[in-house]
Amino acid sequence: MSVQAFVNPDDIRTRFSQAMSAMYKTEVPLYGTLLELVGEVNCETLAAEPALAEQLRRTGEMERLDMERHGAIRVGTAEELATIRRLFAVMGMYPVGYYDLSCAGVPVHSTAFRAIHEDALQRSPFRVFTSLLRLELIDNPALRETSRAILARRSIFTPRVLELIEQFERVGGLNAAEAETFVEEALETFRWHREATVSAEVYRQLHDQHRLIADVVAFKGPHINHLTPRTLDIDAVQVGMPRHGITPKAIIEGPPRRKCPILLRQTSFKALQEQVDFIGEGRVTAGSHTARFGEIEQRGVALTPKGRALYDQLLQSTREVIRGEDDPETYQRVLGDHFADFPDDYDLMRRHGLAYFRYFVTGKGMAGKADGSLPGDLESLLRGGYLSVEPLVYEDFLPVSAAGIFQSNLGDQGRDSYAQLSNREQFERDLGASVNDELALYAETQRRSLEQCAAQLGLASLG
Ligand code: OOG
Ligand code: NI
């Protein structure tokens, strides 16, 4: 019997990410326009900043830049979430992080499915921010039960994709033909359906409770609600959007513009009003639904727990004095003033233990090994140019920013937080697994790079 080669999950993820992008371009043409704008801005930025271009080349970021994107979906039940986890595992994507959005008045909690090893991230960084509706936060008991019943009736996966997931779990992989079918069938789960599963009246009730609840409950499946390319200059894209007929949200979420970008900055364009057909007694009623949008992001260095605590503190102190949506310029200035306390220099961030880095052996390092002239400790190796250091890119999301993105697209600025506490244990029970700790993943990548350097230089350790 011949052994059939399994397709690498990274390749399945790459293909899926391309297929998803192609589908979303036809569903939401403005996403295609945004991709073009981001492509132009990235080209201009690389031409204007040769040092940045060189850094991206050295770290391999350059090859992944054009294919880099994230998407977001919202599921309705624990079973859907658990099966989504198994579906993403076929593509080498695992749950990372727990995000509670209920404190921002959005009745969901979330995780991000993504690759976790730096080599796999390098091959395809595609991620999906995945939220589970918290039905228990619907305060009207009758509507809660209606929603539960509607969700219980739908099945969001094709029979074939379920078979292929089971097969993957049984034998440990998919061959080329199966992988191709898997991508096609998995795509169906994320497709937009114009026909709602409810009447206009039920839709209205759901919508009055929260637009997000209508978005999850009233449709056949968890349509992808945005796809987000990565830009090298988010301020330039923000300014460029209106010229391309795109209306951006008022402020860029996250940290201010800096010489050395940290974490993640994001902005989106407003959700589109789309035609839907509500079902009724024997006839359809035309209506509309507003949920799908476009977003862009600029990624910076991942922060250590210490750096993250400082970020959270500075963001919070900014938000205590200004909220931003009414006066974006003042907001950016006040944000910048508060972040003056965060060193804008990679070497300072590294020495203060604020951010994660990757280390590389230089030509001089290899020469030093050959002639036995290497110093033994990390700082001397760096100072002497035997090692170089590069910022490790943040691969995750930010809860306050995510809440801002949700709110700007749900037309729901001022909603109070829900009284119920975040419930990570329940989320993990529903998911059928615990979520990975993102900070531990960055620390491991940094440690692996130091180990590799030590091995290359023939040194015992560089911890
Ligand atoms: C997810 C919003 C969060 C991000 O990039 O922070 C998000 C959603 O709207 O479903 O995508
Ligand atoms: Ni997003």
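When a ligand or atom number is given, it counts from 1 through the structure's own listing order.
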Salt-bridge present ([X], [Y]; N to O < 4.0 Å):
X	Y	answer
R15	D11	no
R58	E54	yes
R424	E428	yes
E297	R299	yes

For a quick test of your reading: what N or O donor-acceptor pairs under 3.5 Å do the side chains of residues 110-117 make, sequence neighbours left out?
{"unit_1": "S110", "atom_1": "OG", "unit_2": "S131", "atom_2": "OG", "d": "2.8"}
{"unit_1": "T111", "atom_1": "OG1", "unit_2": "V96", "atom_2": "N", "d": "3.3"}
{"unit_1": "T111", "atom_1": "OG1", "unit_2": "V96", "atom_2": "O", "d": "3.2"}
{"unit_1": "T111", "atom_1": "OG1", "unit_2": "G97", "atom_2": "O", "d": "2.6"}
{"unit_1": "R114", "atom_1": "NE", "unit_2": "D396", "atom_2": "OD1", "d": "2.9"}
{"unit_1": "R114", "atom_1": "NH2", "unit_2": "D396", "atom_2": "OD1", "d": "3.4"}
{"unit_1": "R114", "atom_1": "NH2", "unit_2": "D396", "atom_2": "OD2", "d": "2.8"}
{"unit_1": "H117", "atom_1": "ND1", "unit_2": "D119", "atom_2": "N", "d": "3.0"}
{"unit_1": "H117", "atom_1": "NE2", "unit_2": "R448", "atom_2": "NE", "d": "3.4"}

Ligand 1 contact on [X] by region, counting heavy-atom pairs under 4.0 Å:
X	answer
E297	neither
N225	side chain
A402	both

How about the Ni ion (ligand 2), which protein N, O or S atoms come within less than 2.8 Å?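 You should have found H70 NE2, H226 NE2, E295 OE1.
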Atom 4 (C) of ligand 1: which protein heavy atom is closest, and how many Å away?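 Sorting protein heavy atoms by distance from atom 4 (C) of ligand 1 puts Q266 NE2, 3.2 Å first.
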In the protein, which heavy atom is nearest to atom 9 (O) of ligand 1, and how far is it?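 Among all protein heavy atoms, the one nearest atom 9 (O) of ligand 1 is R74 NH2, 2.7 Å.
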Close N or O approach (S131, ligand 1; < 3.5 Å): no
Donor + acceptor pair across side chains of Q205, Q209 (<3.5 Å):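 Note: Q205 and Q209 side chains miss the donor-acceptor criterion.
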Hey, which atoms in ligand 1 end up nearer than 4.0 Å to a heavy atom of H226?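 Reading through ligand 1 atom by atom, the close ones are 1 (C), 7 (C), 11 (O).
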Proximal ligand 1 atoms for A72, defined as those under 4.0 Å from one of its heavy atoms: 1 (C), 8 (C), 10 (O), 11 (O)
As a quick check of understanding, evaluate side chain to side chain donor-acceptor pair (under 3.5 Å) for T228 and E295, giving each step before the final call. CA-CA 5 Å; T228 305; E295 185 193 20; 2.6 Å; yes
Ring-plane angle category for F278 and Y203, please: parallel below 30°, perpendicular beyond 60°, tilted otherwise.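 Correct class here is tilted.
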Would you call the rings of H289 and F219 parallel, tilted or perpendicular if under 30° counts as parallel and over 60° as perpendicular?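 Ring orientation, 0 to 90° scale: tilted.
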Ring centroid separation H109 to Y98 under 6.0 Å: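 Yes, close enough.
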